[in-house]
Amino acid sequence: MRNDDAPLIRLEDYRPSDWLIDTVDLDISLQPQKTRVRALLAFRPNPEGQPGAPLKLDGDELALKSLALDGKPLDASAYTATPQALTIPSPPPHDFTLTIETELDPSANTKLMGLYRSSKVYCTQCEADGFRRITYFLDRPDVMSVYTVRLEAAKAEAPVLLSNGNLIATGEVPGTDRHFALWHDPHPKPAYLFALVGGALDHVRQDYVTADGHKVELAVYVEPGKAGRAGWALDSLVRCMRWDEKVFGRNYDLDVFNVVAVSDFNMGAMENKGLNIFNDKYVLADPQTATDGDYASIEAIIAHEYFHNWTGNRITCRDWFQLCLKEGLTVFRDQEFSADERSRSVKRIADVRTLRSTQFSEDAGPLAHPVRPRAYKEINNFYTPTVYEKGAEVIRMLKTLIGDEAFRQGMDLYFERCDGTAATIEEFLACFAESSGKDLGHFARWYEQAGTPTIVASGRYDAATRRYTLDLAQSTPPTPGQSDKQPVVLPIKLGLVGAGGDLPLQTQSNAYAGDGLVILDSASLSVTFDNVDEPPIPSLLRGLSAPARLELDLADADLVRQFSADSDSFNRWQALQTIAIRALVAAGKPGAARSALNATATGLGRALDGFLKAEALADPAFAAQVLRLPAPADIAREIGRDVDPDAIFKAHRSLSAAIGAAVLPQLPPLREALATKGTFKADASSAGRRALRNELLGLAALATPAEGAALCEEQFASADNLTDRLAALAAMTLIPGERREALITRFAAAYAGEPLVLDKWLMAQALIAEPETLERVKQLMQHPAFSLGNPNRVRALIGGFAANLTQFNRADGEGYDFVCDIVIALDKTNPQVASRLLGSFKSWRMLEPGRKQLAQEALSTVARMPNLSRDVADIAERALA
Ligand code: PHE
Ligand code: ZN
């Protein structure tokens with residue numbers, strides 16, 4: 001189906017299902033090419049649906065083998081079956097069962113949706129609409145059923161057989177080389193949470209007793225021989241289970257909880273009830289093959305999927321428009337968990353970097369959409385930073401607005417009231433309106449209105465009256481389909497910073513401002529603070545208390561003062577970022593003068609030098625964040641139009657090199673003091689030391705390339721962990737020449753046979769900001785470590801290249817053509833990965849005219865291809881609209 005023909009599915013058209021399915025009994029006989037599925041489905045008319053309605057079950061590439069109603073074969077005249085649907089025009093007007101037999105070829109399933117094989121292991125992915133690739137079904141999240149699943153397979157091929165819920169029975173199949181396992185999940189669930197795994201897998205396990213006394217067997221399953229890398233995931237699981245008991249009062253609700261790592265997976269991981277299936281990148285870790293960043297993401301994603309057990313599974317979504325009900329909330333929960341396990345302020349800075357680079361850029365381009373979209377053609381294209389990350393920011397704002405206590409009470413009420421149901425955003429918000437006694441009607445606009453608001457702020461100090469007045473205004477730029485924007489509710493956490501730190505806040509003009517919170521919910525607002533003894537520096541939007549841009553005209557000198565005196569560490573970090581962004585925006589514009597950048601470099605260099613002397617060793621993780629400049633892509637987004645990536649990159653490089661030069665004398669002693677000694681530890685404080693040490697290495701590489709290259713070689717040779725080795729490689733990629741090529745070769749030799757490590761090697765090369773990179777990437781596609789069939793490989797090499805600001809956006813358009821060719825090729829086997837890759841074009845409209853035209857031509861070539869998947873066609877169409 002061409003996308004133009006694909007139906008637009010609208011929120012306002014939602015209707016309850018005419019039929020419900022109370023129980024599902026699956027009997028699945030696994031075979032590499034001919035897997036038999038027998039589904040016994042118990043139907044019941046939905047009292048909220050239309051009586052006597054026809055029954056139309058969803059399918060996707062299915063082959064029907066047999067069909068029986070209440071146990072009797074159904075006459076061919078009583079139904080129609082196509083690969084996409086099974087229709088019974090006049091079903092009985094009462095309860096009945098259907099027995100449906102289908103036959104699948106999991107080995108030929110390259111879409112990685114439904115039942116497929118990942119290096120011989122049978123596994124499934126059903127969200128959002130993959131279950132219909134296994135059997136005909138009412139494949140919608142508001143149809144919830146109790147599942148009993150019998151799995152059968154050859155013992156040698158699949159000694160491990162897992163499904164959702166609890167294990168009821170296992171046994172041999174007499175007279176054969178096969179065995180079976182019977183699983184039962186007592187909790188009704190939508191089909192997208194169904195899962196099975198069959199294969200030869202190793203595992204690590206641990207017993208766990210929930211706070212309410214329930215004994216649970218936890219296990220993490222991995223490829224044979226990799227059990228030694230599963231410990232961190234299991235440890236993270238135990239910690240996040242305890243955390244959810246303590247912070248949200250949520251206990252686990254089955255006798256087993258299984259996590260399985262597979263090497264071919266379209267996304268990060270999936271929260272199937274009691275059987276989470278993971279991309280192995282987010283499970284496997286040991287010091288030699290995982291970086292500190294990997295340890296942190298594994299901890300976060302294990303927690304994310306586990307937390308879904310309540311926010312997603314026990315309470316699921318009525319329809320896919322409510323996706324952020326589970327995703328935004330669950331991201332918020334995993335962010336809070338990581339903040340409690342590590343450093344809250346450093347975690348917030350890292351999350352804000354991600355929010356800005358992924359979500360703000362989505363919001364600023366043609367793919368912008370509200371946190372709750374109103375319409376879609378392909379739901380798989382809406383697992384976006386807006387639904388996930390901005391969705392989490394909306395929850396964070398809600399908590400800020402109503403306070404910690406009312407937030408917790410509202411969550412309790414939500415769990416109590418909506419447990420076992422498929423819920424909506426309205427039902428969710430009603431719980432918080434009730435717990436806080438506040439009207440959240442206006443706040444709900446965050447779910448409907450797309451775009452990143454800009455807050456314009458300015459302050460006036462009157463020495464005579466000792467008053468300080470803050471003027472605030474908001475506006476949101478238009479986004480596709482939404483030209484008129486209304487004010488949203490912006491909780492602005494703030495302080496007034498004096499020479500000696502925060503000044504007391506006294507005001508008669510605003511209800512919350514005395515507690516450091518101003519709520520800007522109209523177009524503009526003024527707040528006056530009394531008894532202000534000195535001209536203050538306003539510290540606004542502390543911790544990024546709303547997902548907005550802030551425009552506030554402070555002189556560099558004031559920002560440096562804020563950096564030393566602000567009590568909010570997020571805004572300390574932000575102050576120096578603001579100085580850098582402002583200078584880079586000015587220098588990155590066409591025809592900009594270089595002199596402005598020089599002055600900034602001197603000021604910033606001096607501030608950072610002093611900061612490192614005073615504070616680096618006290619909080620290295622924070623210091624690493626302070627040293628890291630905003631990325632060139634952030635500058636491009638700030639400039640917003642007629643963007644010249646090369647000019648931005650040049651400015652960025654020279655500022656980085658200048659900062660490197662300014663802190664150079666401190667480098668050797670600091671790196672020495674930061675070196676982690678003794679056995680490797682993955683904890684946040686050791687990781688912070690490595691982060692700062694490696695940030696300094698990057699600066700050295702830019703400031704003094706020859707010495708930097710030697711440092712990289714030395715660090716690569718002496719490091720006892722992947723974090724330091726990869727940092728050596730990454731820093732070396734900044735230095736063209738033979739030494740770089742030699743280290744690239746050494747790295748590949750050291751990690752041959754480690755696909756996840758080689759992904760990082762592929763990506764490091766794809767990110768080199770030099771014109772030869774395109775040719776290098778094409779060569780690397782021939783390397784044995786690369787495969788177009790594995791999503792992780794594609795994301796590393798091709799996704800890495802598409803994230804290379806200067807080379808993807810080559811002035812000759814060859815970067816666009818290359819990525820589009822791959823999108824077209826990949827679309828034939830894996831449309832989801834292809835369409836995500838095409839999403840790299842989300843910022844094409846901000847480019848200068850030459851590149852813009854080339855990008856548009858490349859996109860149009862994709863859009864014109866015959867037989868595009870709905871996934872790719874939808875992105876191409878919206879990107880060009
Ligand atoms: N629901 C998964 C998560 O965020 C993401 C996912 C979506 C995975 C669709 C696979 C397919 O936890
Ligand atoms: Zn999720």
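Numbers for residues simply follow the sequence, beginning at 1. Whatever order the structure lists them in is the order used to number ligands and atoms, beginning at 1.
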Evaluate the criterion side chain to side chain contact (heavy atoms under 4.5 Å, CB included) for residue pair Arg408 and Asp404; output intermediate values, then yes/no. CA-CA 6 Å; Arg408 172 65 200 265; Asp404 294 358; over 6 Å; no
To the Zn ion (ligand 2), the closest N, O or S atom belonging to His304 is NE2
Donor-acceptor pair, Thr124 side chain versus Leu196 backbone, under 3.5 Å? yes
Using atom types as modelled and distance alone, determine if a side-chain donor or acceptor of Arg132 lies under 3.5 Å from a backbone N or O of Asp60. no
For Leu161, is there any backbone N or O sitting under 3.5 Å from a side-chain donor or acceptor partner on Trp183? yes
Aromatic contact, Phe382 with Phe321 (centres under 6.0 Å): no
May I have the angle between Glu327 OE1 and His308 NE2 with its vertex at the Zn ion (ligand 2), rounded to 10°? 100°
If the condition is salt bridge (charged side-chain N to carboxylate O under 4.0 Å, His left out), which residues does Arg344 pass it with, not counting sequence neighbours? Glu336, Asp340
Is there a donor-acceptor contact under 3.5 Å from the side chain of Thr330 to the main chain of Thr311? yes
Residues in the immediate environment of ligand 1 (any heavy atom closer than 4.0 angstrom): Gln125, Glu127, Met267, Ala269, Met270, Glu271, His304, Glu305, His308, Lys326, Glu327, Tyr383, Tyr388
